[in-house]
Amino acid sequence: MDKYDKVVELCRRRGFFWPSSEIYGGVAGFLDFGPMGTMLKRNIERRWRETFIQSHHGLVYEIETPVVMPARVFEASGHVENFTDVIVECLQCHKRFRADHLILEQAGEIQGIEGMSTKELDELISEKGVRCSECRGPLGKVSRFNLLFRTNIGPYSESVAYLRPEAAQGMFVNFKSIFNAMRERLPMGLAQIGKVARNEISPRQGPIRLREFTIMEVEFFFDPKAPGCTLIDEVSDVRLRLLTEDMVKTKTEEPMEVRVAEALKEGYIKTEWLAYFMALSTRFISELGAPTASQMFVAKLPDERAHYSAQTFDQLVRLDRWGWVEVSGHAYRTDYDLSRHIQYSGQDLSAFRKFQTPHPVRVTVAKPKVERISADYGKETGKILSAIKGIDPGALKSRLSSGPVEVDGLIIRSEYVEFLEKEETLSGERFVPHVAEPSFGADRLTYLALECAYTEREDRVVLKLPPSIAPVQVSVFPLVNRDGIWEKAFSIHDLVRRAGMISEFDDSGSIGRRYARADEIGCPFAVTVDYQTMADDTVTVRDRDSWEQTRVPVNGLKEFLWSRLAPLRFIT
RNA sequence: GCGGCCGUGGUCUAGUCCGGUCUAGGAUAGAAGCUUCCCAAGCUUCGGAUCCCGGGUUCGAAUCCCGGCGGCCGCACCA
């Protein structure tokens, strides 16, 4: 029985999580969270929210957008086209392969294979004689498998929609509105915690690979001409364990350890904001209980990267059974998404950049000679006028200098337009912001925290969850159930509850059994009321990790507990 | 999707090879009570199992056969 099995067994037993729709046989890739699991997951989400959003108020804002979005959004985002795999199946042994990978493997380098249609790939396969790499059997037709969950909006089957595979698109399509509402300041981050769905071909690994999961993402918009991170000094000494693109290419396995400042100076990380978020992520994951030595960032090679990304690092964490597992992705998405939405929606999603000093420019203005045009075109004059308006005056001028210009069958002659040169002052220019994106899977983090916390002591399970995320923070026990001790204990339980902590009251079984129960759900503190309490109004507070007890006066209990629950814990 | 192994109370498991003695045993966890009280002590009582689902073979199936679902491992997949 390895650690994964032990954690899964504990989680079932104590109400953390288990397979979804279990009474009907279960469905692969979906997970149900019980009371303890939900509290733990919420706490992890809360800590993420505090780390990435609340401590950046004025810079990063949280929003909430629907899971279902119309097809057009994902056509624009490129997911309908690219969030697919080209699959080919061997007709003999029925093994399935990534078609493009198989072709490259057997036919060598082929330019532009990435963008090829399934037909083109079919042709390549017969042309190059590509066969099954396992049994040498013939291959079937190449097909595309899209990982988007598809649905309809309302009763109309033609209104196709998809469940979002990432929360990001909700932030991109809302960029302009929020940018306006938040007084047009850049940089600006938008964040979202919510459900996403990906129709994985064959998910395994329990909570690690799900078809529906909670994502926690920041889309951080900045001016590519002012890419500096204003907060970089706060993290410049944070050490990142990095496998750069070059190291991945040369199959290096041991990451280098570099300071954030160095990683930027050496160009390992292309943008400061990405580096900043990677540093925050290192701290965040440490706080969940994963030592920095079992964390690293690995660069994705160009052909492994998502279609939108110019640079991506995966943050990996070492798990007992599965080795290095991705817990977050850090992508430099450039202006890809906003540009695509500008193109597909026809809306202006750009920002305005003021020049430090406005500079004068000479502009060409086209002034149509209406009388001259109407002499030639009569009732169609309006069409000519709008055609002239639609062309950049400077361009029109140079084109007309070499003869008439034709637009939609209309002939524009040089005698129709008079060009004036004007002096104007330009105070700035429009541009499309760039985006750095850190993106986390909350379910994986929940499992990670549980695995890191799992320990055994004298045949008992002790979940050493960081107090900041423990589902239950305090347990209160009466040592005996008589002589007013029960009532006193219950009133202390009430006191702790009113102080804003999650407290459990347990009066059943021996005191040792109650400590053991509390340990199994990772409750960091157990308060016991005994005879001495009745005499001097003190209680014992027992520490989950050391099993040591401290006598604390009841009137100082709240402060005692809070001071030990609130601080962040960085485990190195 | 393919191949291998597997699926028994909440959990872990005995039984499956070789069908009947299994109206499924144990441990642990849970509830009620007694007792003890600072690390799962003890006693009593209680609840809880369509033996993953469906079909077949048989006088008889947890056990054998077929199909499905689910899990793990390997291959493949994982923007």
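Lettering of chains follows the sequences in order, A, B, ..., and the numbering in each one begins at 1. Side chains included, hydrogens not; waters and symmetry mates left out as well; all remaining heavy atoms used.
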Worksheet item: Are any of A:Arg209's side-chain N or O atoms less than 4.0 Å away from OP1 or OP2 of B:rC78?
Response: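 Indeed not, no polar side-chain atom of A:Arg209 lies that close.
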Pairing nucleotide - [N], Watson-Crick or G-U, each distance under 3.5 Å:
| N | answer |
| --- | --- |
| B:rG30 | B:rC46 |
| B:rC75 | B:rG1 |
| B:rC17 | none |
| B:rU63 | none |

Under 4.0 angstrom, heavy atoms only, what part of the nucleic acid is [X] near: base, sugar-phosphate, or nothing?
| X | value |
| --- | --- |
| A:Arg204 | base |
| A:Phe477 | nothing |
| A:Pro203 | nothing |
| A:Trp18 | nothing |
| A:Arg321 | sugar-phosphate |

Worksheet item: Does A:Arg564 make a cation-pi contact with A:Phe560 (under 6.0 Å, within 45 degrees of the axis)?
Response: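 Yes, A:Arg564 and A:Phe560 form such a contact.
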With sequence neighbours excluded, residues passing salt bridge (Lys or Arg N to Asp or Glu O under 4.0 Å) with [X]:
| X | result |
| --- | --- |
| A:Lys6 | A:Glu456 |
| A:Glu9 | A:Arg13 |
| A:Glu451 | none |

Discussion item. Once ring-ring contact (aromatic ring centres under 6.0 Å, His included) is applied, what residue pairs with a partner in residues 508-539 of chain A remain, sequence neighbours excluded?
Written reply: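 Counting only pairs at least two positions apart or across chains, the ring-ring contact (aromatic ring centres under 6.0 Å, His included) contacts touching residues 508-539 of chain A are A:Phe477-A:Tyr515.
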Item to complete: Keeping to residues at least two apart or across chains, list the ring-ring contact (aromatic ring centres under 6.0 Å, His included) pairs with something in residues 294-322 of chain A.
Response: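 For residues 294-322 of chain A: A:Tyr4-A:Trp322, A:His79-A:His307, A:Phe297-A:His330, A:His307-A:Tyr336.
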Practice prompt. Rounded off to whole Å, could you give me the CD-to-C1' distance for the A:Glu456 and B:rC12 pair?
Written response: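 Distance, rounded to whole Å: 13 Å.
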Worksheet item: Could you write nucleotides 29-44 of chain B as a row of B, S and -, 5' to 3', where a protein heavy atom under 4.0 Å of any base atom gives B, of only sugar-phosphate atoms gives S, and otherwise -?
Response: SS-----SBBBBS---
Item to complete: Could you list by number each residue of residues 66-79 of chain A showing a heavy-atom separation from RNA chain B of less than 4.0 Å, or answer none if no residue does?
Response: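 Those residues: none at all.
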Filtered N/O pairs between nucleotides 49-54 of chain B and protein, under 3.5 Å:
none

Residues that [X] engages under side-chain hydrogen bond (donor to acceptor under 3.5 Å, both in side chains), provided they are two or more places apart:
| X | result |
| --- | --- |
| A:Arg318 | none |
| A:Asp122 | none |
| A:Glu212 | A:Lys195 |

Worksheet item: Does anything in residues 15-35 of chain A pair up under salt bridge (charged side-chain N to carboxylate O under 4.0 Å, His left out), and if so which pairs, sequence neighbours excluded?
Response: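 Pairs touching residues 15-35 of chain A that pass the test: A:Arg12-A:Glu22.
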Worksheet item: Counting only heavy atoms not in A:Leu495, do more than 12 fall under 6.0 Å of its CG?
Response: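 Atom CG in A:Leu495 is crowded, with more than 12 foreign heavy atoms closer than 6.0 Å.
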